Amino acid sequence: MKSEDQQNAGTITPLTGVCEVQVWQRDALAEPRGDWLAEEVPVALVYNGISHVVMMSTPKDLEAFALGFSLSEGIIAAPEEIYGMDVVPGCNGIEVQIELSSRRFMALKAQRRAMAGRTGCGVCGVEQLNEIGKPIQPLPFTQTFDLRLLDNALRQLKDFQPVGQLTGCTHAAAWIGDAGELTGGCEDVGRHVALDKLLGYRSCRGWARGAALVSSRASYEMVQKSAMCGVEILFAVSAATKLAVDVAERSNLTLVGFSKPGRATVYTHPQRLTWSQD
């Protein structure tokens, strides 16, 4: 079932995360017209009253973002370690106030770092080079995926980008089920945030079997976030970086880039992938 935002895409009903502006085209400078832009706002994740990070995000699915970020950054190991969550709009942005278990909050304080997130950078605010990368438990080999199902999943990806369909300004991250259908997805102006939102939804809905699909390139932090959350297979529409391939190799993650109709480049651990014949 599609969300209300997905049902409203392509209509004049405003969606969460978009606003209307006036624009002028080069061949009609005397005639302004309405157009849609994706909203990008500061979102502070506040754990037990202490602000941990500020990320630029589309202001939708913020509970899923906070949960996914908490999991992918190793702040929690399971959703049950968050006791409560409130989204609080403010004058300069939005706070997501998260109540952590005492044990997890003490661990967070012990390794807390100040960092300000941007849509294009995954290491903003990291204070030392040796803080880049997290120890990841090698993934098991429990998943398989038939590459012939990938084209169907790619065709569905835009269904989870209602803001993107209006503005052309969002990335998407979606979960592919065993049969090649997208069971759910999220969008955001930042590719890392879109993935965190998906990882949050996945943890709540218990999506275990399948693979993740992102509309962006595969940078190292996209691989790292996926592996931290137990995702064994990651498809990216664009290329992968060398560091992303290195992290995928070490963590036993199957990484596939250039995932487009009729095409897929497998960088690591191809043994999870099959190609069925008609």
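Sequential numbering from 1 along the given sequence is applied to the chain's residues. Just so it is clear, the model here is predicted, and its values are computed rather than measured.
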Verify the cluster assignment for [X] and [Y]: are they in a single hydrophobic cluster under the rule of side-chain heavy atoms below 4.5 Å apart?
X	Y	result
Ile76	Val46	no
Val21	Leu166	no
Val23	Trp36	no
Leu37	Val193	no
Val88	Phe69	no

Cut-off 3.5 Å, side chains only: do [X] and [Y] have a donor facing an acceptor?
X	Y	answer
Tyr201	Asp61	yes
Thr16	Lys60	no
Glu187	His171	no
Tyr267	Thr254	no

Between [atom1] on residue [X] and [atom2] on residue [Y], distance to nearest 0.5 Å:
X	Y	atom1	atom2	answer
Leu150	Leu213	CG	CG	7.0 Å
Cys229	Leu195	SG	CG	7.5 Å
Leu100	Met106	CG	CE	12.0 Å
Lys225	Leu234	NZ	CG	12.5 Å
Phe235	Thr265	CZ	OG1	11.5 Å
Thr183	Leu198	OG1	CG	8.0 Å

Are the side chain of Gln97 and the backbone N or O of Tyr47 linked by a donor-acceptor pair below 3.5 Å?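 Absent.
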Considering all heavy atoms, the nearest [X]-[Y] contact:
X	Y	answer
Gly210	Trp175	C-CZ2, 3.5 Å
Leu255	Ala218	CD1-CB, 3.9 Å
Ser215	Leu157	CB-CD2, 4.0 Å
Arg217	Ala236	C-CB, 4.2 Å
Ala248	Thr268	CB-OG1, 3.6 Å
Leu71	Ala78	CD2-N, 3.9 Å

Does the side chain of [Y] come within less than 4.5 Å of [X]'s, by heavy atoms?
X	Y	answer
Arg272	Leu139	yes
Glu181	Ile176	no
Arg33	Asp35	yes
Gln137	Asn252	no
Pro79	Ser203	yes
Arg191	Ser219	yes
Asp188	Phe65	no
Val43	Val54	no

Let's go through Arg250 and Asp246 carefully: what are the C-alpha distance in whole Å and the side-chain angles of both, what is the deciding distance for salt bridge (Lys or Arg N to Asp or Glu O under 4.0 Å) to 0.1 Å, and is it a yes or a no? CA-CA 6 Å; Arg250 290 198 304 269; Asp246 292 344; 5.2 Å; no
Is Arg148 close enough and on-axis enough to Trp275, meaning under 6.0 Å and within 45°, for cation-pi?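 Judged by the rule, Arg148 and Trp275 form a cation-pi pair.
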Whether Arg202 engages the ring of Trp207 as a cation-pi pair (distance to the six-membered ring centre under 6.0 angstrom, angle to the ring normal within 45°) should be assessed.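 Relative to the ring axis of Trp207, which defines the angle, Arg202 lies outside at least one limit.
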After noting the C-alpha distance and the side-chain angles of Thr142 and Glu232, does the key distance pass the side-chain hydrogen bond (donor to acceptor under 3.5 Å, both in side chains) rule? CA-CA 8 Å; Thr142 66; Glu232 295 185 31; 2.5 Å; yes
Ring pair (Phe, Tyr, Trp, His ring centres under 6.0 Å) partners for Phe141, two or more places apart: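 Applying ring pair (Phe, Tyr, Trp, His ring centres under 6.0 Å) to Phe141 gives His269.
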Test side-chain contact (heavy atoms from CB on, under 4.5 Å) applied to Thr144 and Leu273, step by step: CA-CA 6 Å; Thr144 60; Leu273 304 174; over 6 Å; no
Step by step, work out the side-chain contact (heavy atoms from CB on, under 4.5 Å) result for Ser57 and Glu40. CA-CA 5 Å; Ser57 171; Glu40 183 180 23; over 6 Å; no
So Thr58 and Lys197, side-chain contact (heavy atoms from CB on, under 4.5 Å) or not? Walk me through it. CA-CA 11 Å; Thr58 304; Lys197 288 178 178 179; 4.2 Å; yes
Val96 and Ile98: side-chain contact (heavy atoms from CB on, under 4.5 Å), yes or no, with the steps? CA-CA 6 Å; Val96 183; Ile98 304 156; 4.0 Å; yes
